[in-house]
Structure formats: structure tokens, C-alpha cells
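Counting starts at 1 for both ligands and their atoms, in listed order.
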Amino acid sequence: MENQNTNGNENNGNSGEGGNGKGRGRSILVMLVISIILTLLFWKAYDRIANGTQKEIPYSGFIEMLEKGEVNEVEIYSTKIKFTPNDDSNGLNKTTYVTVAIKDDSLANKLKFAHQKYGTQYKGIDESSSAIIGTVLSYAVMIIAFYLFLSLLMRKSGGLMGVGKANAKIYVEKKTGVTFADVAGEEEAKESLTEMVDFLHNPKKYLEIGAKLPKGALLVGPPGTGKTLLAKAVAGEANVPFFSMSGSSFIEMYVGVGASRVRDLFKQASQMAPCIIFIDEIDAIGGSRDSRRGSDSEREQTLNQLLAEMDGFDTSKGIVILAATNRPEVLDKALLRPGRFDRRVIVEKPDLKGRIDTLKVHSKNVKMDESVDFKELALATSGAVGADLANIINEGALAAVRAGRTLVSQQDLIGAVEVVFAGKEKKDRLLSAEEKRIVAYHEVGHALLVALQKHTEPIQRITIVPRTMGALGYVWQVPEEEKYLESKAELMADLVTLLGGRAAEELKFNSITTGAANDIEQATNKARAMITMYGMSDKFGMVQLESIEGQYLDRNLALQCSDETATKIDKEIRDMLKASYLKAKKLLAEHMDALDAIAAFLIEKETITGKEFMEIFAKSE
Ligand code: ADP
């Protein structure tokens with residue numbers, strides 16, 4: 001998910017920070033009290049440092065010391081007398097004596113005498129209102145300074161010690177301005193959500209007939225496929241406010257905070273009903289309660305509160321809850337039962353048509369020349385999600401600006417596809433001549449096997465300019481049409497192609513390098529999947545030996561067989577890869593002339609197109 005939902009609240013002047021006025025008033029009061037306490041403490045400490053310690057003594061003691069010449073300096077206030085003794089006036093830790101003044105007419109004379117005889121200094125101190133005002137003012141300035149300092153600290157840390165519901169980020173958009181027209185493809189998802197829109201528009205129609213609408217729908221799909229966008233579009237189509245919060249932002253380390261945030265969210269939403277509540281990454285709070293080790297009471301309480309709120313509110317008010325996740329399998333069953341998120345809307349990665357539409361939606365405001373061919377781009381971006389495609393259009397537009405052009409061309413966009421998938425060209429990484437040769441032969445090895453085998457996709461281009469994401473070179477293949485099935489023959493051909501890089505290196509240089517690491521990883525995964533999931537190995541037959549976990553994320557595989565079988569699978573993979581490698585070497589050895597010719601061209605040009613490749617290939621055959 002991209003953080004697009006963060007900007008809505010500024011535009012409409014609605015309070016985006018969650019938490020109501022009451023909570024905020026309380027936290028201001030707390031800060032004020034803390035500021036006052038700090039000021040007093042500070043003042044006391046300052047006083048101690050500046051004036052040293054104070055000792056109270058009786059008036060008689062003062063007169064005695066004065067007459068003995070033990071007093072250094074006297075300050076006379078209207079009700080008290082402060083003085084410092086002679087022997088302890090050495091600076092830092094000086095003691096000040098205080099005594100309560102009594103009416104003594106002879107004091108003036110005694111002071112005069114002491115001054116003349118012992119050099120005692122004395123002065124009267126004015127305690128008029130202006131002096132008091134001065135003191136009060138300096139207190140006030142200090143309290144304000146502490147208050148400002150505390151509020152700065154609070155804003156930075158997101159709350160006084162991170163507690164309190166005021167810092168839960170609820171984003172509110174009164175009008176999202178997004179409609180279904182902004183969401184490309186995803187027709188099935190839109191269809192399921194249209195009913196919700198209609199319900200928000202016209203709840204009476206449903207209530208009259210006695211129908212209850214689902215309280216919530218769960219949007220399930222890989223990251224970047226437009227789940228947030230769809231939720232916003234529902235709000236936009238229904239013309240209702242959109243409340244959004246991320247599942248993870250409910251959770252704090254303090255138990256009970258999450259639950260109070262859930263309450264707060266529903267309270268605010270019910271005040272603005274009809275509206276949409278969108279909870280992104282709901283798996284952060286809605287994970288199954290029994291699958292977790294140990295107790296995690298904060299998460300559990302938050303989830304329980306969410307369930308209670310969902311049960312508690314009345315759909316006739318017009319609150320619809322949409323939640324998004326890419327790990328539906330970990331969700332607690334209680335969330336999925338009827339009356340809660342009973343509708344599941346699958347938001348898949350777009351197919352060819354979906355990608356073309358997404359590219360079109362995002363290029364609406366981008367000026368393009370006539371060379372742009374969305375179908376070609378869509379074919380080259382199989383597996384990309386909406387967010388990638390939006391990024392490609394933007395990168396293409398940036399490239400056009402960089403080149404000083406006013407229109408975006410197909411070439412810009414193809415370059416952008418490469419930037420998004422392989423990273424930027426790393427022009428400053430200079431390969432030595434020898435390394436460049438090795439990379440060139442490696443890549444041409446792959447490409448030649450593509451051309452030599454029947455079941456593979458045509459080459460778009462080959463490049464040996466290093467990229468920021470780590471590739472030193474690559475062969476870019478683009479299918480002629482979108483495919484949903486792959487045959488065993490195609491997969492076998494892919495294995496040979498993947499190992500062709502290493503084969504070319506070995507054939508040409510009689511040595512091997514680390515450059516094949518990624519190829520080996522891909523080939524191993526492919527061979528493993530053929531055996532354990534696709535039932536394409538004669539030895540094992542059609543038995544499921546591995547299952548997929550986390551379908552929408554990284555697709556982790558979990559073995560479903562005995563250790564003994566696992567060992568056999570490993571051996572089978574090794575045999576398959578070995579056979580593929582031998583085949584790659586054999587095919588390349590038969591076409592060494594073509595390999596040399598194309599590699600020489602590539603070393604010189606660094607990038608060659610599929611067409612140039614085929615021309616040289618045809619000539620050297
Ligand atoms: P998710 O919530 O599924 O992770 P988002 O809804 O945040 O994904 O999508 C991120 C961005 O990708 C969107 O803001 C939009 O620009 C783009 N996008 C994704 N899917 C689509 C789509 N189907 N149509 C148009 N744009 C899309």
C-alpha cells in the first residue's frame with residue numbers, strides 16, 4: 001500500500017488526528033501541571049545554586065553576629081533580614097542566614113557602626129508591586145517555555161510516553177474524489193462493491209424488504225493491486241466520508257490502548273454516518289488467536305473490541321467496514337463469520353487487459369506521442385501490479401523531461417519498465433574488459449538458447465550495462481501473448497535457458513563464475529515446483545508434495561512429505577538440472593560461431609535489440 005491516504009485530512013479541514021476534544025483538553029492540562037512542577041523544581045534548584053543554603057536564626061543571633069563583626073552583607077526586606085557571614089563567603093556553597101525582622105530603632109545605628117568598624121555592607125530591598133510582577137512574569141515565562149518544550153517532545157514521540165488515544169492516526173476524507181473509473185480492471189471486485197455503494201445511497205430500499213447488508217467486506221490480494229484505491233472509490237461513489245486506519249497503528253505496547261482506539265474509531269465514524277471505515281492490513285490485529293504462541297493480550301483485546309463493535313453497530317445507520325489484507329489465511333475465524341467480514345472480494349494482479357487499462361488510467365494526464373503502444377508495455381510487464389504500472393508511467397514521464405522532450409515516447413516507457421524491474425543503469429560501475437566479456441557470453445548464452453529452442457518467448461533485448469539492483473546484464477524476453485498455462489515442454493526449455501549462461505561461460509573460458517547464482521536459484525525453484533506441485537515428474541507422479549503458504553505474498557512452500565521423500569526430491573532436482581545443463585552445453589557447442597559473433601557485437605554496443613540479435617544469428621548459421 002502506498003501512503004496516499006495520508007493527505008486527505010489537510011484538504012478538507014477535518015480533524016485527521018484521531019481523538020476527540022476531551023482527550024486533547026486533558027492532555028493539555030497534564031502538560032500544564034507538569035510544566036508548573038518543573039518550573040518550581042527548577043526555580044528551587046536555581047535558588048539553591050545561586051544563593052546557597054539558607055539558615056534561619058533568631059534576631060538576637062543576628063545582632064550578636066553583627067556586633068562581633070561576623071557579618072559580611074545585609075539585605076533588609078520589609079519583613080525579614082537576609083545576611084551572609086564573613087567566614088563563609090567563598091563562593092559556591094555559601095550559607096545565607098535569614099531572620100524575621102522586628103521593630104528595632106537601634107538597628108540603623110548598629111549597622112552604621114558595623115559598616116564603619118568591620119566594613120559590613122547593608123542595603124534595603126524594595127518589595128513593591130513591580131518587583132513582584134517581575135518575579136511572577138519570570139515564573140510565567142518559564143512555565144510557557146516548559147510547556148512549549150513538552151508539546152514539542154510530545155509531537156515528536158507521538159504522545160506523552162506514547163500512551164493515549166489522541167495519537168492514533170485516523171485519516172478522514174470527507175470526499176475521496178476517487179470513483180470506480182479510477183480503478184482499472186478489477187471488474188469482479190467492483191461488481192461486488194457496487195451493491196455496498198447502492199446500500200449507502202439508498203438504505204431504505206434494502207431495509208423495506210427486510211434484507212440485511214453485509215457489515216463488512218474483506219479485500220484480499222497482493223500488495224499494490226489497488227485495495228485501498230477500491231475502498232476509496234466505494235466512498236467516492238457513495239459520496240460518503242472515508243475513515244481509514246492501518247491495523248498496525250492500533251497496537252501499542254500498552255494493553256488496552258488498541259481497544260480504546262477501536263472504540264474511538266467507531267464513535268467518530270458513527271457521528272459521521274453514513275460512512276466507510278477502512279482498516280488496512282487487518283492481519284496486524286485480526287491474526288488468528290490460537291495460532292500465536294504465548295499470550296498477546298493487547299492484540300487479543302483489540303481484536304475482541306473490533307468484533308464487539310462490529311456486532312454492536314446497526315447497519316441501518318449506514319456504516320460499511322472494508323478491510324484489506326494480503327494474508328487472509330492467518331485471519332481469525334471469528335472475523336470471517338457471517339455478520340462481520342462475510343464478504344470476501346478478491347483483488348487479483350491484473351491480466352493483460354487490466355494492465356492496459358491501468359496504464360491508460362494513469363496516463364490520462366500525461367502527454368504522449370503516437371509511438372506509445374500500451375499493449376506492448378502490458379505484455380512486457382506480466383506480473384506487475386497497479387502500483388508498478390503507475391510507477392512506470394511516472395518514470396517514463398520523468399525520463400522524457402530529463403531528455404528535454406515535451407512528449408513521452410514508447411522508448412521512455414520501455415526504459416521505465418527496465419528501471420522498475422531491474423533498477424537504474426549504473427554507468428559508474430566499470431567492469432574490466434575481461435569481466436565484460438564474461439558477462440556478454442553469459443547473457444548471449446541465455447539468449448541463444450531462447451532462439452534455439454522452440455518453446456520459449458522471443459527476445460526483446462540484451463544488455464550488459466550493470467543495473468542498480470545488482471544485475472550485471474540481462475536478457476529481456478517478452479511473450480507474444482498473455483499465457484495462463486505453461487506446458488512441461490516450456491518449463492523444460494526454461495531450465496535449459498536459465499542454465500545457458502553458465503554453460504556459455506564454461507564452453508568459452510573453461511572456467512565458471514559467481515554470475516550464475518540467480519539463474520541457479522530460479523532453475524532450482526522451477527524444477528522443484530515441477531516435481532512437487534505440478535506432478536510433472538514420472539518418478540513421483542501426481543502427488544502434492546509441497547503446499548503454498550502466503551499465497552499473496554512471497555509464496556513460501558511447505559513440504560508435505562516424509563524426510564525420505566524429501567531426499568529423493570532433492571536428487572531428482574539435481575538430475576533434472578544436470579540434464580538441462582548438459583543440453584544447454586550441447587546446443588551452444590553446436591553454435592559457437594553465433595555465440596562468438598553476437599557476444600562480440602554486444603561487447604561493442606553494450607545493448608542490442610532482439611532484431612539485431614536475430615540478424616546476426618541468421619548470418620552466422
Ligand atoms: P494496496 O492497498 O492493494 O496495497 P493501493 O490501493 O494502495 O494498493 O495501490 C497503490 C497505487 O497503485 C494506487 O494509488 C494507484 O495509483 C495504483 N493502482 C493500483 N491498482 C490500480 C488499479 N487497479 N487501477 C489504477 N491504479 C491502480
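- Comment: Asp369 does not engage Arg405 in a salt bridge, judged by the lack of any side-chain N to carboxylate O separation of less than 4.0 angstrom.
- Geometrically, ligand 1 and Ala390 share no nitrogen or oxygen pair separated by less than 3.5 Å.
- Ligand 1 has a nitrogen or oxygen under 3.5 angstrom from a nitrogen or oxygen of Lys227.
- Residues that satisfy the salt bridge (Lys or Arg N to Asp or Glu O under 4.0 Å) test with Asp351, not counting sequence neighbours, are absent from this structure.
- Residue Lys232 places no heavy atom under 4.0 Å from ligand 1.
- Applying the side-chain contact (heavy atoms from CB on, under 4.5 Å) test between Glu443 and each of Thr463, Leu472, Ile608, Val475 identifies Val475 as the sole match.
- Atom NZ of Lys375 has 12 or fewer neighbouring heavy atoms from other residues, nucleotides or ligands inside a 6.0 Å radius.
- For ligand 1, the atoms lying closer than 4.0 Å to a non-hydrogen atom of Val183 are 23 (N), 24 (N).
- When each atom of ligand 1 is checked for a heavy atom of Gly226 under 4.0 Å away, the hits are 1 (P), 3 (O), 5 (P), 6 (O), 8 (O), 9 (O), 19 (C), 20 (N).
- Partners of Glu237 under the salt bridge (Lys or Arg N to Asp or Glu O under 4.0 Å) rule, at least two apart in sequence or in another chain, do not exist in this structure.
- When all heavy atoms are compared, the tightest approach of Ala324 to Asp283 is O-OD1, 4.5 Å.
- Environment of CD in Gln544: crowded, with over 12 heavy atoms of neighbouring residues, nucleotides or ligands closer than 6.0 Å.
- Residue-to-ligand polar distances keep Glu186 apart from ligand 1: every N/O pair is separated by 3.5 Å or more.
- Of the polar atoms of Asp280, none of the N or O atoms is found under 3.5 Å from an N or O of ligand 1, judged by distance alone.
- In this structure, Asp182 counts as a contact residue of ligand 1, since one of its heavy atoms falls inside 4.0 Å of the ligand.
- With Asn391, Asn394, Leu229, Leu389 as candidates, the residue nearest to atom 13 (C) of ligand 1 on a non-hydrogen basis is Leu229.
- Every atom of ligand 1 with a heavy atom of Ala387 under 4.0 Å away is listed here by number and element: 12 (O), 17 (C), 18 (N), 19 (C).
- Listed by atom number, the atoms of ligand 1 under 4.0 Å from Ala184 heavy atoms are 22 (C), 23 (N), 24 (N), 25 (C).
- A donor-acceptor distance shorter than 3.5 angstrom exists from the side chain of His446 to the backbone of Thr497, with no hydrogens or angles considered.
- No heavy atom of Gly185 sits closer than 4.0 Å to any atom of ligand 1.
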